[in-house]
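All ligand and atom numbering here is 1-based and tracks the order in the structure. Side chains included, hydrogens not; waters and symmetry mates left out as well; all remaining heavy atoms used. Residue numbers start at 1 and run along the sequence shown.
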Amino acid sequence: MSNPKSRNVLAIAAATVATGVLAYLVYFDYKRRNDSQFRKKLRKEKKRVNKTVAEEKSQSAASDTAPSDTELLREALEQVKSEHVPSTSEEKETYFMTQVSMGEQLASQGPSLHVPAAIAFYKALRVYPTPVELIMIYQKTVPEAIFKLIIDLTNLDAAARISNYYNCFPPKSMNVEIKSNETGRKIMLATKDIAAGETIYKEFPVVAVLDADLESSGKYCSHCFRELQDSDSSAIRLSEDVNSLGSSYCSEECLNNSKTQSTSLLFTLESPLPPELPTSEDIDNEGRKAAQAKFVEYLQKEKRAGPLLVARFISRQVAVETAKLVKKDAPMQTNDFTTADGGDYMLVDHMERFRYLEVQPKEEELPLIANVLQKTLPGLEQFVTKDRYTTLVGKMLYNAIGVGSRDDKPESTARPEDQEKTRTPVGTQKQVGAAFYTLSSYANHSCAPSAKLTFPSGTTELHVVASKDIKMGDEVSVAYVDVSPAEGESIADARRRRRVELARGWRFACPCELCEEEGKDLTKEEKGHESEEKKDESKVEFEDLERGMEQQGAAEKSAEVE
Ligand SMILES: C[S@@+](CC[C@H](N)C(=O)[O-])C[C@H]1O[C@@H](n2cnc3c(N)ncnc32)[C@H](O)[C@@H]1O
């Protein structure tokens, strides 16, 4: 496709393709082979199609002052969006077939029915699990003029989706909104007055990973991070035969949630799909076990959260999308924003908006994960390309928040630049694990923050609590690092410590009021000591590795242009 617009469509559609594909195709195939009711329904739909085509034809003959195609497309898009979108796989299949045959019949009636034909094809595209493939099929099969109209519709829709995202996310009940500041960076603002001590919002993580030395220790729940006591009779400690990672859980509920969200796919020999969906019978369980064992060995050797956060994130995408295939509505169970209300957004829509630092994962990492995916859901591994994996690791690490607190973490032997850092006011060295939160990823840092990250239930459930009175429209900021001076640490030393950490870990020179105020009071000698922090901050300018804004800026720009 040489048309730049169609490349845009491909890029957007490609991002959404990696999710429900596999299970949907398996399910679709199964239905086609086994369900005679389904075929009957299709025949009935066909009659309805014929009737609609006849009506469109007579309407088109009657109108001689036709509006332009673009106006028609815009109107049609509004209309399509207000229509009910089928939610179950079965309804989607019927809808898909109906729209495609309607499109074909309208297309065969000549140019006067090109616009309604394109709309019908476009409607089919909305429910098809692999839109890129369908666009490619359309390109080969649909008349060129209609294909162009389909692409125009897709671009109009993509632009609307991009620009509407922050109107739908976060939901109003979170008491915050995400806006761009004058430099184009995203900031979190309060949408009402909040008193000091009040909880602004609560959030569950999309994925979480216990620190490597704790995962198979039996001391913490691998899903919610609750601390387990030896005497805890409800604790479930799994052997490596059952769960390759040797994880423990505080309850059946956590065990089941963990299985559904990622563990069945990554670390067991169970089916990772909902029970309603058939799985292939010729799964190579020996191969599956061996692939999992190698991945676990790597995780234990490397002791880094990044690869497991990403593997769990990919599995979570499969879980979210396959759940939608079998349930009429897949309601948001918890505030983890795997779906966003008010809009038709998915995990990838959130993910593509996050900033990240470019990292270089080790060469062997991706093949290990791909092997685990391939052995269980063959084909899934193809969606995890090297580029996509690298970006995901970067995003996970840049946005992860350190959860919990402990004092017995072994000192890392990795070089400082290779150590993973999380945003935590108690310091990564004290965390129990790392978790990735959709909304809280947007919170910016301040050394005198207006809010704090807390975990009052001793789990990964994050409560963001106001540390001071916050007025509607004020920024909600948090501390990425320990901002309180340690015992015996001077104000100047504390200032330098946190600024160096921010420059090295998050690549920005902290512009907050506290840094500015404290900077004024530095003695001549203390100013002399600033060289270390200045060295790190200057690197930020010279080798800015941060990514995200330029892509997002481009996407928003294209939305405005459209
Ligand atoms: C996890 S993101 C936070 C959300 C981000 N502002 C955005 O636009 O999506 C972390 C990055 O935001 C930027 N950031 C956070 N707090 C900042 C601050 N106080 N001043 C300048 N940049 C900040 C830094 O580039 C940092 O590496």
Side-chain angles (χ1 to χ4, degrees), residues 162 165-166 169-170 174 176-189 203 205-207 305-306 309 313 337 349-359 391-403 417 420-425 428 434-453 462 464 467 474-483 495 498-519 533 536-557:
I162 290 170
Y165 175 80
Y166 289 109
F169 178 80
M174 293 293 112
V176 291
E177 61 184 352
I178 307 301
K179 294 271 179 214
S180 296
N181 69 8
E182 60 289 348
T183 63
R185 292 188 177 248
K186 295 284 179 275
I187 48 173
M188 186 187 280
L189 303 175
E203 184 174 15
V206 174
V207 279
L309 278 169
F313 180 77
F337 310 112
D349 291 294
H350 296 312
M351 197 38 114
E352 69 184 12
R353 285 169 167 79
F354 293 128
R355 308 178 70 83
Y356 65 105
L357 274 184
E358 212 160 81
V359 290
T391 307
L392 273 176
V393 180
K395 290 197 174 193
M396 287 289 156
L397 293 179
Y398 198 41
N399 291 287
I401 288 178
V403 180
E417 55 272 41
E420 291 176 339
K421 278 197 181 304
T422 49
R423 299 182 295 159
T424 155
T428 307
F436 179 83
Y437 298 85
T438 313
L439 177 53
S440 301
S441 290
Y442 287 101
N444 275 342
H445 167 87
S446 168
C447 296
S450 61
K452 53 180 182 259
L453 305 167
L462 171 62
V464 177
S467 340
D474 283 355
E475 179 166 2
V476 174
S477 57
V478 300
Y480 286 12
V481 299
D482 189 351
V483 289
R495 179 180 182 271
R498 52 179 207 253
R499 290 178 67 83
V500 166
E501 215 179 313
L502 290 168
R504 283 195 181 155
W506 287 274
R507 313 205 68 79
F508 69 96
C510 186
C512 81
E513 278 173 24
L514 186 68
C515 281
E516 199 176 309
E517 278 308 305
E518 288 179 353
E533 131 204 358
D536 284 304
E537 288 173 359
S538 69
K539 276 197 210 144
V540 178
E541 280 168 38
F542 290 121
E543 39 153 319
D544 190 3
L545 297 171
E546 197 190 30
R547 300 280 179 271
M549 204 166 74
E550 52 290 14
Q551 297 168 334
Q552 191 48 30
E556 274 165 9
K557 234 190 176 127

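A donor-acceptor contact closer than 3.5 angstrom is absent between the side chains of Lys452 and Ser467.
Residue contacts with ligand 1, taken as heavy atom pairs separated by less than 4.0 Å, do not involve Phe354 at all. At a heavy-atom distance under 4.0 Å, no atom of Cys512 approaches ligand 1. Only the side chain of Arg423 comes within 4.0 Å of ligand 1, counting heavy atoms alone; its backbone N, CA, C and O stay farther away.
Contact atoms of ligand 1 toward Arg185: 8 (O), 12 (O), 13 (C), 24 (C), 25 (O) (distance under 4.0 Å to a heavy atom of the residue). Atoms of ligand 1 found under 4.0 Å from any heavy atom of Pro511 (numbered from 1 in listed order, with element): 18 (C), 19 (N), 20 (N). Atoms of ligand 1 lying under 4.0 Å from at least one heavy atom of Ser441, given by number and element, are 1 (C), 2 (S), 3 (C), 4 (C).
Of the possible donor and acceptor atoms, none in the side chain of Glu358 sits under 3.5 Å from a partner among the backbone N and O of Gly394. Formation of a donor-acceptor pair under 3.5 Å by the Thr428 side chain with backbone atoms of Thr422 is found in this model. Ser446 places a side-chain N or O within 3.5 Å of a backbone atom of Ala448 that can act as its donor or acceptor partner.
Close N/O approach between Ser446 and ligand 1 is not found [any backbone or side-chain N/O within under 3.5 Å]. At a 3.5 angstrom cut-off on N or O pairs, Asn399 does not count as close to ligand 1. Where the criterion is an N or O separation shorter than 3.5 Å, residue side chain and backbone included, Trp506 meets it with respect to ligand 1. Between His445 and ligand 1, an N or O atom pair is found at a separation short of 3.5 Å.
Residues satisfying the salt bridge (charged side-chain N to carboxylate O under 4.0 Å, His left out) test with Glu518, not counting sequence neighbours, are Arg498. Take Tyr437 and apply the ring pair (Phe, Tyr, Trp, His ring centres under 6.0 Å) test, not counting sequence neighbours, and it matches no residue.
Of all non-hydrogen atoms in Arg423 and Ala443, the two that sit nearest each other are NH1-O, 3.2 Å.
Among Tyr356, Tyr442, Phe508, Tyr398, the residue whose heavy atom lies nearest to atom 11 (C) of ligand 1 is Tyr398.
At a 4.0 Å cut-off, at least one heavy atom of Arg355 sits close enough to ligand 1 to count as contact.
In this structure, Arg353 is positioned above the aromatic face of Tyr165, its NZ or CZ under 6.0 Å from the six-membered ring centre and within 45° of the axis.
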